[in-house]
Amino acid sequence: MSRVAWISHAECLEHEMGYGHPECPARLRAIEEHLAAVGIAPRLLRLQAPRATRADLLRVHTRGLVEAILDEPVTGYRRIDPDTAMNAHTAEAALRAAGAALLAVDTVRAGTADLAFCAVRPPGHHAGRDKAMGFCFFNNLAVGIAHALASGVGRVAVLDFDVHFGNGTAEIFRDDPRVLVCNTYEWPYYPFAQSDPHNGHLLDVPLPAGSDGQEFRTAVEHCWWPAVEAHAPELLFVSAGFDAHVADPLAGLCFGVPDYAWIGAQIKDMAARHCGGRVVATLEGGYDLNALGQSVAAFLQAFLDD
């Protein structure tokens, strides 16, 4: 068995949203270059992301959204919101990004890997049931979660440490207590939304700008882990955003590479206690290319260490 499966597809490099956009193909290239430089790349089980089907997408999205992304022709760039646009390759990349989460679930459930990491773009955690936004078109992680639940998994937990609140994931599973959704994020900041504080399976820990890794670790230990222990998930899902790094240009939290190594090790230990070690992670944010490569490597190394 491989410790880490790495699921990606070349089409994820073809989607782009215009010159100078921070969510760019160079993100995946920077990660790959750093993994090669530190010797992690040869240790990964590399898998090609399949396309998600419309039926897969319709478990979590409306038909209107699916058809708008997949069926409307695109010439040049088609603007979705002020920050989000499609090019001619976006629909295919979005299908592969969502399909990666499907394969990730099947890979860890089959025991082929402990962690299946979806190195994909576009990201997904801002995409809601009927709305694409915030660089996201389909909610990749939600597609994987719905597949797991439909395949017989009874309870799951989502751990989202992106600097932005995962509003789409929280909205999609708002009424499904099988899915515990744990978020840390900078507040107040985009998307300027939070979970209903009275909803017991949606757990938010907002952090003020300037919060560092120690404040993040305290939030995880004191807020996330007691809720996860009580929920006893059978599978852990991670929205792995690395834009809370102090060097990231889009936000104001001050995490460092050691914090991503720490959260990786923490997730690995929690999964060993509850999930047979099974973890599915999808790439979300992270826009300083050097910090992104280093942070992803640190996160993965925790699963590769004995």
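Keep in mind the model is a prediction, meaning the values are calculated, not measured. For reference, positions follow the sequence shown, starting with 1. Keep in mind that the numbers below use all heavy atoms, side chains included, and drop hydrogens, waters and symmetry copies.
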Show your reasoning for whether side-chain contact (heavy atoms from CB on, under 4.5 Å) applies to L159 and V220. CA-CA 10 Å; L159 310 172; V220 169; over 6 Å; no

Sidechain-backbone polar pair: [X] side chain, [Y] backbone, donor-acceptor under 3.5 Å:
X    : Y    : value
R121 : C12  : yes
E23  : M17  : no
E215 : D212 : yes
T218 : Q214 : yes
D81  : G134 : yes
E234 : G154 : yes
R178 : R155 : no

Counting only heavy atoms not in K268, do more than 12 sit closer than 6.0 Å to its NZ atom? yes

Heavy-atom count check: over 12 atoms from other residues, nucleotides or ligands less than 6.0 Å from R63 CZ? no

Would you say the side chains of [X] and [Y] form a donor-acceptor pair under 3.5 Å?
X    : Y    : value
N139 : T169 : yes
D204 : Y185 : yes
H125 : D160 : yes

Between [X] and [Y], is there a shared hydrophobic cluster once you connect ILVMFWY residues whose side-chain heavy atoms come closer than 4.5 Å?
X    : Y    : answer
Y287 : L289 : no
Y190 : F242 : no
L141 : V153 : yes
V4   : I263 : yes
V120 : V105 : no

Rounded distance [0.5 Å steps], [atom1] in [X] versus [atom2] in [Y]:
X    : Y    : atom1 : atom2 : answer
L95  : T53  : CG    : OG1   : 9.0 Å
H201 : H231 : NE2   : NE2   : 8.5 Å
L283 : I7   : CG    : CD1   : 13.0 Å
L149 : F173 : CG    : CZ    : 6.5 Å
S8   : E11  : OG    : CD    : 11.0 Å
R43  : L35  : CZ    : CG    : 11.5 Å

Which class fits the ring pair H21 and F135: parallel under 30°, tilted 30 to 60°, perpendicular over 60°? perpendicular

If we only count heavy atoms from C-beta on, is the [X] to [Y] side-chain gap below 4.5 Å?
X    : Y    : value
D162 : S239 : no
P25  : R29  : yes
F303 : V279 : yes
F137 : I80  : yes
S195 : F165 : yes
V228 : C182 : yes
L58  : V66  : yes

As a quick check of understanding, evaluate salt bridge (Lys or Arg N to Asp or Glu O under 4.0 Å) for E92 and R51, giving each step before the final call. CA-CA 8 Å; E92 180 67 15; R51 293 184 184 92; 2.9 Å; yes

With side-chain hydrogen bond (donor to acceptor under 3.5 Å, both in side chains) as the rule and sequence neighbours excluded, what pairs involving residues 292-301 come up? Q301-D305

Please list all pairs passing the side-chain hydrogen bond (donor to acceptor under 3.5 Å, both in side chains) test where one or both residues lie in residues 243-256, with sequence neighbours left out.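 Residue pairs with at least one partner in residues 243-256: H164-D243.
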
If you take all heavy atoms of [X] and [Y], which pair is closest and at what distance?
X    : Y    : result
L292 : G285 : CD1-O, 4.2 Å
A127 : C136 : N-CB, 3.7 Å
A302 : G264 : CB-C, 3.5 Å
L253 : E186 : N-OE1, 3.6 Å
R27  : G286 : NE-O, 2.7 Å
V257 : A298 : CG1-CB, 3.6 Å

Does any pair with a residue in residues 31-87 pass ring-ring contact (aromatic ring centres under 6.0 Å, His included), and if so which ones, sequence neighbours excluded? H61-F138

Audit row: R54, D71, salt bridge (Lys or Arg N to Asp or Glu O under 4.0 Å) steps and yes/no: CA-CA 11 Å; R54 292 184 187 237; D71 297 340; 2.6 Å; yes

Applying side chain to side chain donor-acceptor pair (under 3.5 Å), name anything that partners [X], two or more places apart in sequence or on another chain.
X    : value
N87  : T90
W224 : none
H274 : E229

Please find out if less than 6.0 Å separates the ring center of F255 from that of F216. yes

Evaluation steps, salt bridge (Lys or Arg N to Asp or Glu O under 4.0 Å), between R217 and E221: CA-CA 6 Å; R217 297 183 190 208; E221 291 174 336; over 6 Å; no

Could you please spell out the steps behind the side-chain contact (heavy atoms from CB on, under 4.5 Å) verdict for F161 and V205? CA-CA 10 Å; F161 51 78; V205 188; over 6 Å; no

Decide side-chain contact (heavy atoms from CB on, under 4.5 Å) for V238 and I267; before the verdict, give the C-alpha distance in whole Å, the side-chain angles of both, and the deciding distance to 0.1 Å. CA-CA 9 Å; V238 182; I267 291 170; 3.9 Å; yes

Does the pair L47 and L103 meet the rule for a side-chain contact (heavy atoms from CB on, under 4.5 Å), with working shown? CA-CA 9 Å; L47 302 174; L103 179 57; 3.9 Å; yes

